[in-house]
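Atoms within a ligand are numbered from 1 in the order they appear, just like the ligands themselves. Residue indices begin at 1 and follow the sequence shown.
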Amino acid sequence: MKNQNLVLIGMMGSGKTTMGRALSKELNCPFVDIDEAIVAEYQQTIAALFEKGEAYFRECEQNVIQKYSQRKGIVIATGGGSILAKSNVTNLKENGICIWLNRSVPDILKDLNPIGRPLLAEGTEKFVQLYEERLPIYQQVADITFDNSGSLKDALPKLLKIGAEQKWR
Ligand code: S3P
């Protein structure tokens, strides 16, 4: 995967950061979490950026995605809403394969931490609404759909098996 990136997409709480870190360790390549990169770049928390309006946060997100999409050979964990802007999808796909981590709403809600996730302030109903709105977009953007309903311990080897078939190493 020297010439391509592995880009993890999916809802908040679908396991993108956890899986991304594990994948990068296994494949011995750098890992970038877009939310963390936004916080580092703008020196503000995601919540503080959202306070300036969601549109402002999305602008910051676009800038950071554009920057990291140019790299090659990295694992990228995106924020759940990254795929909403067509330009992000175009940028991420330029050097990357998009892997959609699909996890059911009940599974996500079981262990989702609302701290630092402003879109969860409105509660479960809002989350379900976002999930339903975004599902077709994740489906459309995904090069690979991965059922991430189990534990990381079980999921990682399954995803690595797909990676072996696709010669990610
Ligand atoms: C968002 C998801 C968050 C973060 C922001 C908005 C979204 O990232 O980018 O709170 O729109 O779904 P995670 O998916 O990593 O929680």
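Within the 4.5 Å cutoff, the side chain of L160 has heavy atoms near those of the L27 side chain. Proximity of I83 to N88: side-chain heavy atoms (C-beta onward) are nowhere separated by under 4.5 Å. Counting heavy atoms from C-beta outward, Q129 and E122 have side chains that stay 4.5 Å or more apart.
For Q66 and Q62, the side-chain atoms include no donor-acceptor pair closer than 3.5 Å. A donor-acceptor pair shorter than 3.5 Å cannot be found between the side chains of Q139 and T145. Residues D33 and T17 have side chains that bring a donor and an acceptor to within less than 3.5 angstrom of each other.
If you number the atoms of ligand 1 from 1 as listed, the ones under 4.0 Å from a heavy atom of P118 come out as 10 (O). Ligand-side atoms of ligand 1 in range of G79: 8 (O), 9 (O), 14 (O), range being under 4.0 angstrom from any heavy atom. Atoms of ligand 1 found under 4.0 Å from any heavy atom of R117, numbered from 1 in the order shown, are 16 (O). Those atoms of ligand 1 that come under 4.0 Å of a heavy atom in D35, given as number and element, are 3 (C), 4 (C), 8 (O), 9 (O), 13 (P), 15 (O).
Of all the heavy atoms of D33, none lies under 4.0 Å from any atom of ligand 1, so neither backbone nor side chain is involved.
Ring planes of Y42 and Y56: perpendicular class, angle over 60° (limits at 30 and 60°).
Note: an N/O pair closer than 3.5 Å links G80 and ligand 1 by distance alone.
What sits closest to atom 12 (O) of ligand 1 on the protein, heavy atoms only, is R134 NH1, 2.7 Å. With respect to atom 14 (O) of ligand 1, the closest heavy atom belonging to the protein is K16 NZ, 2.6 Å.
Of the candidates E61, M11, R58, it is R58 that places a heavy atom closest to atom 11 (O) of ligand 1.
Using a 4.0 angstrom heavy-atom cutoff, E36 does not count as in contact with ligand 1.
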